[in-house]
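These notes concern the structure reproduced below.
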Amino acid sequence: MRRRVCWTLAAVLLAAPAGCGLTSGSPMVDDVEPGTIGRGKPLEGADLTVTSKEFTEQLILGAIMGIAFEAAGAEVLDRTGIQGSVGTRAAVENGDADATYEYTGTAWITYLGNSKPIPDPEQQWKAVKEADAKKGLTWLPPARLNNTYALAMNQANYKRYGTKTLSQVAELAKSDPGAVTLCVEGEFANRADGLPGLEKAYGMSLPAGNITQMDTGIIYTQTAKGACTYGEVYTTDGRIKSMNLVVMEDDKKFFPNYNAAPMVRTATLKKWPAIASVLDPVTRALTNDVAQTLNAKVDVDGEDPHQVALDWMKEKGFVKEG
């Protein structure tokens, strides 16, 4: 998936004209020891490079992965914060990085060029895993964390209209056309997996005057204020929880699944197969609720994404203070 600001997580950053993180990097130096993962330090002697995209959730996931590797004994180079999905993917493909947390829907649609997502999340992951095996990439089992599109409303509008599903939103649009107003990004307003496809799938036809396009951050504040009845959100965004928004269920499973899963360079995994067992418990613990909480610590409370990741890893008992 998409998004915003370019952060640098490490204390030392080497200049990189190509953008944030692609040819730069610095060692992760967290003082951690194995907790429930990494016992016996099965990655001792490994030099592993982790990468991520530049938005908050990705920075946190990249740090989580690196900290897990550190606890298991590896020396870790931090190349998180690459601008855009394509650069992150390329870093793993060409060997500039060994692993990242990637999204199944992004791989299926953006990288592999498919136009129709697979509705079942497990089947979507399997299809991506099979296709990418030919490209020297191995997908480990996915998290329940699914960072996809959704529509959300504030509590006052929820009490007024009572919609819980997108089918109910479509019914409301027919019975009370003026009630369904949307705040959306320009991209979402025009993408096949955005508003046009959503209207088609749910049998809605909203007047142009009911749709206002704006930047992502403004959507959340305007939805919270009730300036629009429904706002386009990402399901793991921390502002959903902090602003007490109600997310509509995609009951027809229209939106693609964007489950996060470790994408590892196959050559690296063959050399260090313990990567799979180190990451699996961590991945299984990642849910939308966890992501919303961690993302909010950065986006709402202003905390550092690497520290947020480290605190969570310790809180869950995956790692211990060294």
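- Side-chain polar atoms of Thr236 and Glu57 form a donor-acceptor pair below 3.5 angstrom.
- Formation of a donor-acceptor pair under 3.5 Å by the Asp251 side chain with backbone atoms of Ser167 is found in this model.
- Of the possible polar contacts, none joining the Asn147 side chain to the Tyr258 backbone as a donor-acceptor pair under 3.5 Å is found.
- Checked by atom type and distance alone, the side chain of Glu232 pairs as donor or acceptor with a backbone atom of Glu185 at under 3.5 Å.
- Taken to the nearest 0.5 Å, the OG atom of Ser85 stands 8.0 Å off from the CD atom of Glu54.
- Residues Asn210 and Tyr230 bring no donor and acceptor atom of their side chains to less than 3.5 Å of each other.
- Side-chain atoms of Trp108 do not come within 3.5 Å of backbone N or O of Gly113 as any donor-acceptor pair.
- Atom CE in Met28 sits 10.0 Å away from atom CE in Met65 (nearest 0.5 Å).
- Residues Thr49 and Asp96 form no side-chain contact, since every pair of their non-hydrogen atoms from C-beta on lies 4.5 Å or further apart.
- The shortest heavy-atom contact between Ile67 and Val32 is O-CG2, 4.2 Å.
- Other residues, nucleotides and ligands contribute at most 12 non-hydrogen atoms within 6.0 Å of the NZ atom of Lys320.
- Listed here is the closest heavy atom pair of Ala71 and Pro34: O-CG, 3.1 Å.
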| said: Walk me through whether Arg239 and Thr216 qualify under side chain to side chain contact (heavy atoms under 4.5 Å, CB included). | reply: CA-CA 11 Å; Arg239 288 167 292 189; Thr216 303; 4.1 Å; yes
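- Residues Val50 and Arg79 are not in side-chain contact: their nearest non-hydrogen atoms beyond the backbone lie 4.5 Å or more apart.
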| query | side chain to side chain contact (heavy atoms under 4.5 Å, CB included) between Asp304 and Val298: does it pass, once the steps are laid out? | reply | CA-CA 6 Å; Asp304 175 72; Val298 178; over 6 Å; no
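- Applying the salt bridge (charged side-chain N to carboxylate O under 4.0 Å, His left out) test to every pair with at least one member in residues 260-271, sequence neighbours left out, gives no pairs at all.
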| From CA spacing to verdict: side chain to side chain contact (heavy atoms under 4.5 Å, CB included), Lys53, Tyr103 | CA-CA 11 Å; Lys53 303 166 201 183; Tyr103 302 99; 3.8 Å; yes
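- Here CG of Asp250 is found 7.5 Å from CG of Leu198. Values are rounded to the nearest 0.5 Å.
- At least one donor-acceptor pair closer than 3.5 Å links the side chain of Ser277 to the backbone N or O of Ala274.
- Between Val169 and Tyr202 there is no side-chain heavy-atom pair separated by less than 4.5 Å.
- Rounding to the nearest 0.5 Å places CD1 of Ile60 at 10.0 Å from OG1 of Thr293.
- Under a cut-off of 6.0 angstrom, the local environment of CD in Glu75 is sparse, with at most 12 non-hydrogen atoms contributed by other residues, nucleotides or ligands.
- At a cut-off of 3.5 Å, with distance as the only test, a side-chain donor of Thr56 or Asp299 sits close to an acceptor on the other residue.
- Distance alone, capped at 3.5 Å, is enough to place a donor-acceptor pair between the Thr266 side chain and the Leu137 backbone.
- Grouping Ile, Leu, Val, Met, Phe, Trp and Tyr by side-chain contacts under 4.5 Å, direct or through others, puts Ile219 with Met214, Ile218.
- Atoms CG and CG, from Asn259 and Asn146 in turn, are 4.5 Å apart once rounded to the nearest 0.5 Å.
- Residues Leu140 and Ala261 come closest through the heavy atom pair O-CB, 3.6 Å.
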| said: For Ile211 and Val184: C-alpha separation, side-chain torsions, deciding distance, then whether side chain to side chain contact (heavy atoms under 4.5 Å, CB included) applies. | reply: CA-CA 7 Å; Ile211 303 164; Val184 299; 3.8 Å; yes
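- Checked for salt-bridge contact, Lys241 and Asp289 meet the test: a charged N lies under 4.0 Å from a carboxylate O.
- No donor-acceptor contact under 3.5 angstrom links the side chains of Thr51 and Thr80, judged on distance only.
- The list of salt bridge (charged side-chain N to carboxylate O under 4.0 Å, His left out) pairs with a residue in residues 207-223, not counting sequence neighbours, is empty.
- Asn157 and Thr229 share no donor-acceptor pair across their side chains, judged by distance under 3.5 Å alone.
- Looking only at distances, no side-chain donor or acceptor of Asp30 sits under 3.5 Å from a matching main-chain atom of Glu70.
- Residue Pro142 comes nearest to Thr283 through the heavy atom pair C-CG2, 3.6 Å, listed as atom of the first residue, atom of the second, then distance.
- For the pair Thr100/Gln58, a side-chain contact is recorded, criterion being any heavy-atom separation below 4.5 Å from C-beta on.
- Side chains of His306 and Asp78: a donor-acceptor N/O pair is absent below 3.5 angstrom, by distance only.
- For Lys297, the NZ atom is loosely surrounded, since the number of other residues' heavy atoms within 6.0 Å does not exceed 12.
- Scored by the side chain to side chain contact (heavy atoms under 4.5 Å, CB included) test, Val247 finds Ala150, Ala152, Ile240 as partners (sequence neighbours excluded).
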Going by atom type alone, with no hydrogens or angles, which donor-acceptor pairs under 3.5 Å involve a side-chain atom of residues 310-317 and a protein atom two or more places apart or on another chain?
unit_1	atom_1	unit_2	atom_2	d
Asp311	OD1	Gln307	NE2	2.8
Lys314	NZ	Glu321	OE1	2.6
Lys314	NZ	Glu321	OE2	3.3

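- Under the 3.5 Å distance criterion, the side-chain polar atoms of Asn295 are matched with a main-chain donor or acceptor of Ala291.
- Side chains of Tyr111 and Glu102 form a contact here, defined as non-hydrogen atoms less than 4.5 Å apart.
- Residues Leu43 and Leu48 form a side-chain contact, since some pair of their non-hydrogen atoms from C-beta on lies under 4.5 Å apart.
- Using a 4.5 Å heavy-atom cutoff, the side chains of Asn244 and Tyr158 are not in contact.
- The shortest non-hydrogen separation linking Ala285 to Phe318 is CB-CZ, 3.8 Å.
- Distance CG/Leu172 to OH/Tyr161: 6.5 Å, rounded to 0.5 Å.
- Side chain of Gln124 to main chain of Pro119: no donor-acceptor pair is present (N/O by atom type, distance under 3.5 Å, no hydrogens or angles).
- Annotation: side chain of Thr104 is in contact with side chain of Trp139 (closest heavy-atom distance under 4.5 Å).
- For the residue pair Thr148 / Thr235, no side-chain donor-acceptor distance below 3.5 Å is found, with atom types taken as modelled.
- By the side chain to side chain contact (heavy atoms under 4.5 Å, CB included) test, Lys135 pairs with Arg89, Glu93, Leu112, Asp132, sequence neighbours left out.
- The two residues Ala72 and Val278 have their closest heavy-atom pair at CB-CG2, 3.8 Å.
- Side-chain atoms of Thr165 never come within 3.5 Å of backbone atoms of Glu249 as a donor-acceptor pair (strictly under, hydrogens ignored).
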